[in-house]
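Below is one structure, written out as structure tokens, with a few remarks after it.
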Amino acid sequence: MDGRRKLLVVANRGPVSYGRSEAGERVVLRGGGGLVTALRSLVAHHDVTWIASAMSEEDRVVAAEHGGDGFDETARDGSVYRLRLVAHDPSAYDWYYNVVANPTLWFLQHYMWGLPYGPDLDLGLHHAWFNGYLPVNEAFAGAVVAELEREPEAAVFLHDYHLYLAPKLIRERRPDAVMTHFIHIPWPQSDYWTVLPEHLRRAVHEGLLANDIVGFHTERWKRNFLRACLDVLGAEVDEAEGTVVHAGRRTVVTSHPIGIDPVEFDELKDAPAVLEEEQLITAGRPEFLVLRVDRTDPSKNVVRGFRAFGLCLDLHQDLRGRVVLLALLDPSRQDIPEYSEYLAAMQREARAVNDRFHGEGWTPIDLRIADNFAQAVAAYKQYDVLLVNAVFDGLNLVSKEAPLVNDRDGVLVLSENAGAHEELGEWAVTVNPFDVYGQAQAIYAALTMPVEERRRRLEETRAHVRSHDLAAWIAAQLADLDAVAPRVAQH
Ligand code: F6P
């Protein structure tokens, strides 16, 4: 349906964050991550108020300047939206982000525990839940209710695992609110949820079922959620219809894989910063380039990827001296010990592989830890093989972005546990992310695939990515909203 919608986007991370330049002036920094990139384009076409956490010191200053209320901000394309930054108590925010959301919920939802060894859900988690996760969710709920008082007919569009408690808290105060919640990460099977104490796993599922719609990227995560609603809550589930009835409310569960904006990448491909980075890559490139682009997140499976690449070189001596694995890794969540330890493990593994081949005067793994998007796009154009071997991944945008701009008939090696596999699997070389030998052989198969076959796969991947773009994903979200809450006429 055409026309503008009034939307309250609610996500932990905002589209911008504020900082200070060396000269002491306020600077506006682009928010990071897939979610923010995806939602930014909503702002141009709809009347958006974005509610996010004040994350930097300067964010807190900006929030205070506006008395905690929303204010107008201008997007890069000139469209105006309203931003409301919620300044939480710093300790509460730390417990919410660095104890509950990331090391607990993110780990659980990506099956990241070896259960004999972890997790230890000690008093720290319980404390962090009730003194961090709950109050931060309450603050978000309060901000949503305040915004609904301004714009009663706005639909609430919540995002991700930071905000599982907020929908129920909003519903208690605004029974008629129209709410949809998109989960950008996997939903694990019910048994894995039993790691979380019963009252906490019930709170997660009950919180989500206060929404009118809960959305996922894949049928697989949707199926797991429906099943978990039955197993965790005993809710009434209709798998065929994709609905759950619990506590007298009906929630529709949908699956729409997010897309990217092809026009953005068509333009980026020739942007001066990208061309500059590309020159550096082509000047030093070997005959074959294997690429990975990730955040430094343990779910991305970088260590096994390095091991597989080393094994590939052990098994296929003909590749030695001719191929480099370029790993462009964006540092992420470094206040969490599991993340900083994983970063160290990646560095150790890269070193171990490089040392093994050192005598041959060649460095097989080029590991770069930096946030450099122009460099990533330049490398997207230059890879022969793109390695996406995540342990589990909600979707994985790199597997859609990179093929779109690639100039070398590059082949995608893709984990069967990445959400994008549901769409792109037929054109990729599929890998089991735990099978190091299988990944080594997959890298070799991709590097030696005949060019016509590589080209066919790349072209079909591209056609899919172009026709299932970001605009289609947004249209699907709004169509779902229209189905549960037909709109009264809006300007
Ligand atoms: O959905 C997962 C996600 O929230 C993505 O939006 C983003 O890529 C990543 O995680 C960012 O994480 P954080 O906000 O913790 O840096």
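Here the structure is a predicted model, which means the values were calculated and not measured. Order of appearance sets the numbers: ligands from 1, and atoms from 1 within every ligand.
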Closest candidate by heavy atom, reference atom 14 (O) of ligand 1, pool R295, H162, H159, R13:
R13
Which bit of D160 gets closer than 4.0 Å to ligand 1, counting heavy atoms only: side chain, backbone, both or neither?
side chain
Does any N or O of ligand 1 fall below 3.5 Å from an N or O anywhere on Y161, backbone included?
no
Are V303 and R307 close enough that some pair of their side-chain heavy atoms sits under 4.5 Å apart?
yes
Quick note on ligand 1: atoms under 4.0 Å from a heavy atom of H184 include exactly 1 (O)
Under 4.0 Å between heavy atoms, the region of W106 that gets near ligand 1 turns out to be side chain
Between W221 and F216, ring centroids under 6.0 Å:
no
N102 and Y161 side chains, donor-acceptor separation under 3.5 Å:
yes
Short side-chain to backbone donor-acceptor contact, S79 and A75, under 3.5 Å
no
With a 6.0 Å cut-off on the ring centroids, do Y192 and H110 count as close?
no
